[in-house]
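The sequence lines fix the lettering, A, B, ..., with proteins before strands; numbering per chain opens at 1. Bear in mind that the values here come from a model prediction, so they are computed numbers and not experimental data.
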2 protein chains.
Amino acid sequence: GYSQLPRQVHGLAGAPEWPAIAAMLPDVTDRRVVDLGCGFGWASRYLREAGARSVLGLDVSQNMIARARADTDDAAIDYRIADLETLELPGGAFDFAFSALTFHYIRDFDRLVRTIHGALTPGAHFVFTIEHPVFMAAMRPRWLPDEDGHKTWPVNCYAMEGERRTDWFARGVLKYHRTMATTLNALIGRGFALREIREFAPTEAQIAQMPELAEELERPMMLLVSAQR
Amino acid sequence: GYSQLPRQVHGLAGAPEWPAIAAMLPDVTDRRVVDLGCGFGWASRYLREAGARSVLGLDVSQNMIARARADTDDAAIDYRIADLETLELPGGAFDFAFSALTFHYIRDFDRLVRTIHGALTPGAHFVFTIEHPVFMAAMRPRWLPDEDGHKTWPVNCYAMEGERRTDWFARGVLKYHRTMATTLNALIGRGFALREIREFAPTEAQIAQMPELAEELERPMMLLVSAQR
């Protein structure tokens, strides 16, 4: 199941996109951080080790929060069960917001962006990753047979936003497809300045070490966004 | 050939994305405008009719500039032959920069963005369209046979930027694929604020009038960007 994924077992070392994310992070020294969709708490602990004053880790999964608590020995990290669809946060209580691979499970992204904007101090950064819209769009996403020596990823229904169900690990996991434009405009419209966009692609060194990563050059699987309030 | 395309014959009325572009345009009243890759001059004339004080229309094609001049009776529009790869513009000479479906032919986008930024006054807007990176990425771009009732667009080589040759009208037309991230970061890095992103999709009314447009819901063909200096 999901908890056996390399990124769950090995944490950040099992997530090939982590070096790219780390390069986008602001200096978090003495910052109050919120980690939205913290899972087992890998990023929450990383951010504390990087100097954050405190981290609030939020996740809808009771199991994940229990495991995060069990794996963490740090009084400055507070893990709480929370549904990001209905989340309320105190105004101006955080200096940095982080989220990894969570927002594509959220139906009402506009509401969440408004909540995050209100919870951040002026000038605060907001860095998040999601499954890339190109990866999510198709009704039946999977590699197509090689052509011209390249694996090919199918795109359809790109402009048709809304529910996508995949049988990835659990049957019928529900995700929400939004276009790149919708995602970025939600941030701009709420008053965030976009600072950097990345579409994760493995480095040559990563591919040398893990050849199966080469297919990630063919299609963008993950979108990384850095914005500033 | 290319000059027989609906958008060349009928101008803006033959370009289904035009209403979306028009909705992104700032008020150009009394603005000095540069139109990069003006072609037959359709947008240059539109912008003058919308109130621009002057328009400088630039295109690398001698034939297009000749036709633009022949079709224009307006002393405030100046058409010139210019290669955008080596373009130089006077500093702060323009209040609005526009470009339609041109930049994907440009090898050195960073240089051009720097030139445009320098030529604009502070606060000036910059609106452009390009072929969407998802549309351009694949080595052999074409619709794949229907699956699940949807036409499917193949994506591969997305992270491999650089030359793409297609036999569209002329044999071996040379284009340059850049990822969405590279395109947007070039603007942000040069000091532009991103104001709005659109990925053209036809409206229901447009599809009712022209059913073949429905396939544009399946994959993004065109990227529209509004930025501000």
Roughly how far, to the nearest 0.5 Å, is the CD1 atom of B:I116 from the OG atom of B:S99? 7.0 Å
Does any backbone or side-chain atom of B:L184 lie under 4.5 Å from a heavy atom of chain A? Answer side chain, backbone, both or neither. side chain
Is the distance between the ring centroids of B:F103 and B:Y105 under 6.0 Å? no
Return the NZ to CG distance between B:K151 and A:N156, rounded to the nearest 0.5 Å. 12.0 Å
Pairing of B:K175 and B:E163 as salt bridge, 4.0 angstrom limit: no
Under 4.5 Å from a heavy atom of chain B, the part of A:L194 involved: both
Centres of the B:H177 and B:Y158 rings: under 6.0 Å? yes
Most chain A-contacting option - heavy-atom pairs closer than 4.5 Å, from B:M160, B:M139, B:R219: B:M160
Heavy-atom contact with chain B under 4.5 Å, split by part of A:L217: both
Determine the option with the most heavy-atom pairs under 4.5 angstrom with chain A, choosing from B:C157, B:A137, B:P202, B:P154. B:C157
